[in-house]
Amino acid sequence: MTDLTQAMTVVADYYKDHAIKQKGGKMYLQVVHRVEAFRRVLGAEFGIDTKIIVDDGHRVVVKAIVTNSNGITVGSGMAEEIRGQGHVNTTSALENAETSAIGRALASLGLSGGEYASANEMDAVPRKAENLKEKAQVAYDNIKQNQTVAVEKQDPPSQQSPAPSEPTTEMTREELDAKHDKGVWQDMKSRLRQMKHVNNVHTLFESMKPKIQDIKQRNPEAAQHIVKLFLDAEDKLTTGEA
């Protein structure tokens, strides 16, 4: 890996002349300069490949991998962008996410230029946080509205209704589903708290997607709360790695 060590030296030299100041005062060498240093030293011996993991019209998640001359993966990185959040993501969310993923893949090889996260990624943190707050508020408002409508639609008690002192012990289908959804949420919350790496969050999310989709079909709000756990965990770990 002598050539890679040389690339790290070139990146360090570029950092002195081309690093830019980010919010909070931290200095950062942009991905374009790190790719230039990478190719300047390694040429075509190493490869950089990207793959779209999620593009549902709202979120864009891209994975980048770096391979050596034998095709073996030696570095990787992932990045997420929210379409419409910020000026760049209004028209170029996919390109933005790809650049960020490449930056993180290079950083995993030591070609970070001062910061592990990409410049766009650092700017994206407050945008993602604001987006999560908006979605959480909408979900809360919908749940509150649904509860109010349910109360208004209840029939007045009749003489044949059981007295308050005689509660039924049989749970309805809706109550069973709600109990199940709450259990999934609590399980995900507990497991995500123990995770130390963003990739682990992504792996768990992929394994849970069928179950979350099933919950979404009958209770979109419950599914949104579960998804928010993953987004919160991803943002927390991404910020911690930065």
Q: So which atom in V66 and which in I48 form the shortest heavy-atom distance, rounded to 0.1 Å?
A: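 Scanning both residues, the minimum pair turns out to be CG2-CG1, 4.4 Å.
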
Q: NZ of K63 to CD1 of I53: how many Å apart, nearest 0.5 Å?
A: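 Answer for the NZ-CD1 pair, K63 versus I53, is 6.5 Å.
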
Q: Which residues pass the salt bridge (Lys or Arg N to Asp or Glu O under 4.0 Å) test with D214, sequence neighbours left out?
A: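 Applying salt bridge (Lys or Arg N to Asp or Glu O under 4.0 Å) to D214 gives none.
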
Q: Mind checking what makes salt bridge (Lys or Arg N to Asp or Glu O under 4.0 Å) contact with R40, not counting sequence neighbours?
A: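 Here no residue qualifies.
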
Q: I'd like to check Y15 versus M27 (side-chain heavy atoms, cut-off strictly below 4.5 Å). Are they in contact?
A: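 Y15 vs M27: side chains touch.
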
Q: Applying salt bridge (Lys or Arg N to Asp or Glu O under 4.0 Å), name anything that partners E95, two or more places apart in sequence or on another chain.
A: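 Counting only residues at least two positions away or on another chain, E95 forms no salt bridge (Lys or Arg N to Asp or Glu O under 4.0 Å).
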
Q: Could you walk me through whether N68 and E45 satisfy the side-chain contact (heavy atoms from CB on, under 4.5 Å) test, starting with their C-alpha distance in whole Å, then the side-chain angles of each, then the deciding distance to 0.1 Å, before giving a yes or no?
A: CA-CA 7 Å; N68 62 17; E45 179 183 351; over 6 Å; no

Q: Is there a chain of hydrophobic side chains (I, L, V, M, F, W, Y, each step under 4.5 Å between heavy atoms) that links I82 to I52?
A: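 No: no chain of side-chain contacts under 4.5 Å links I82 to I52.
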
Q: Under the side-chain contact (heavy atoms from CB on, under 4.5 Å) test, which residues partner E174, sequence neighbours left out?
A: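 side-chain contact (heavy atoms from CB on, under 4.5 Å) list for E174, sorted by chain: T172.
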
Q: Think R59 forms a cation-pi with F230, using NZ or CZ under 6.0 Å from the six-ring centre and within 45 degrees of its axis?
A: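 Verdict for F230: no cation-pi partner in R59.
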
Q: Taking ring-ring contact (aromatic ring centres under 6.0 Å, His included) as the definition, give me every residue that meets it alongside H18, ordered by chain and number, with sequence neighbours left out.
A: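 Per chain and number, H18 pairs via ring-ring contact (aromatic ring centres under 6.0 Å, His included) with Y14, H33.
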
Q: Return the minimal non-hydrogen interatomic distance between A101 and V62, and the atom names on each side.
A: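 Between these two residues, the closest heavy atoms are CB-O, 3.5 Å.
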
Q: Run the side-chain contact (heavy atoms from CB on, under 4.5 Å) check on E80 and L231 step by step: do they pass?
A: CA-CA 10 Å; E80 176 193 50; L231 294 176; 3.4 Å; yes

Q: Under the side-chain contact (heavy atoms from CB on, under 4.5 Å) test, which residues partner T203, sequence neighbours left out?
A: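 By the side-chain contact (heavy atoms from CB on, under 4.5 Å) rule, T203 matches no residue at all.
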
Q: Please report the shortest heavy-atom distance between L109 and F38, naming the atom on each side.
A: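 In terms of heavy atoms, the two residues are closest at CD1-CE1, 4.3 Å.
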
Q: Under the ring-ring contact (aromatic ring centres under 6.0 Å, His included) rule, collect the residues that match up with H202, sequence neighbours excluded.
A: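 In terms of ring-ring contact (aromatic ring centres under 6.0 Å, His included), with neighbours along the sequence ignored, H202 is linked to no residue.
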
Q: My understanding is that only residues two or more places apart in sequence, or in another chain, count here; which of them pass side-chain contact (heavy atoms from CB on, under 4.5 Å) with D13?
A: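 Partners of D13 under the side-chain contact (heavy atoms from CB on, under 4.5 Å) test: T9, K16.
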
Q: To the nearest 0.5 Å, how far apart are NZ in K196 and CG in N200?
A: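 One finds 11.0 Å between NZ of K196 and CG of N200.
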
Q: Hey, is the main chain of I72 close enough, under 3.5 Å, to the side chain of N70 for a donor-acceptor pair?
A: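 Side chain of N70 to backbone of I72, a donor-acceptor pair under 3.5 Å: no, none is there.
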
Q: Is a side-chain N or O of S108 found less than 3.5 angstrom from the main chain of S76, in a donor-acceptor match?
A: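 Present.
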
Q: Please check if V198 and V60 belong to a single hydrophobic cluster, counting links between Ile, Leu, Val, Met, Phe, Trp and Tyr side chain heavy atoms closer than 4.5 Å.
A: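 No, because V198 and V60 fall into different hydrophobic clusters, even though each may have its own neighbours under 4.5 Å.
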
Q: Can you list everything that forms a side-chain contact (heavy atoms from CB on, under 4.5 Å) with M8? Sequence neighbours excluded, please.
A: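 For M8, the residues satisfying side-chain contact (heavy atoms from CB on, under 4.5 Å) (neighbours in sequence not counted) are L111.
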
Q: Could you tell me the separation between the CG atom of D56 and the CZ atom of R83, rounded to the nearest 0.5 Å?
A: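 The distance works out to 8.5 Å.
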
Q: Identify the heavy atoms of D181 and I226 that sit nearest to each other, and give their distance.
A: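 So the minimum-distance heavy-atom pair works out to O-CD1, 4.3 Å.
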
Q: Could you go through V227 and I212, starting from their C-alpha distance and side-chain angles, then the distance that decides it, and tell me whether this counts as side-chain contact (heavy atoms from CB on, under 4.5 Å)?
A: CA-CA 8 Å; V227 171; I212 294 174; 4.0 Å; yes

Q: Quick check: closest heavy atoms across A7 and V41, and the distance to 0.1 Å?
A: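 Distance-wise, the nearest heavy atoms are CA-CG2, 3.7 Å.
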
Q: Of all the heavy-atom pairs spanning V31 and G103, show the shortest one and how long it is.
A: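 Distance-wise, the nearest heavy atoms are CG2-CA, 3.6 Å.
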
Q: Under the salt bridge (Lys or Arg N to Asp or Glu O under 4.0 Å) rule, collect the residues that match up with D177, sequence neighbours excluded.
A: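 Counting only residues at least two positions away or on another chain, D177 forms a salt bridge (Lys or Arg N to Asp or Glu O under 4.0 Å) with R173.
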
Q: Measuring from R34:CZ to L29:CG, what's the distance to the nearest 0.5 Å?
A: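 With rounding to 0.5 Å, CZ (R34) is 6.5 Å from CG (L29).
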
Q: Atom CE of M78 and atom CD1 of I65: how far apart are they, to the nearest 0.5 Å?
A: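 Answer rounded to 0.5 Å: 11.5 Å.
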
Q: Return the set of residues passing side chain to side chain donor-acceptor pair (under 3.5 Å) with N219 (not counting sequence neighbours), or none when no residue passes.
A: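 Counting only residues at least two positions away or on another chain, N219 forms no side chain to side chain donor-acceptor pair (under 3.5 Å).
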
Q: Not counting sequence neighbours, list each pair that qualifies as a salt bridge (charged side-chain N to carboxylate O under 4.0 Å, His left out) and has a residue in residues 184-193.
A: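 Listed once each, the pairs are D187-R191.
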
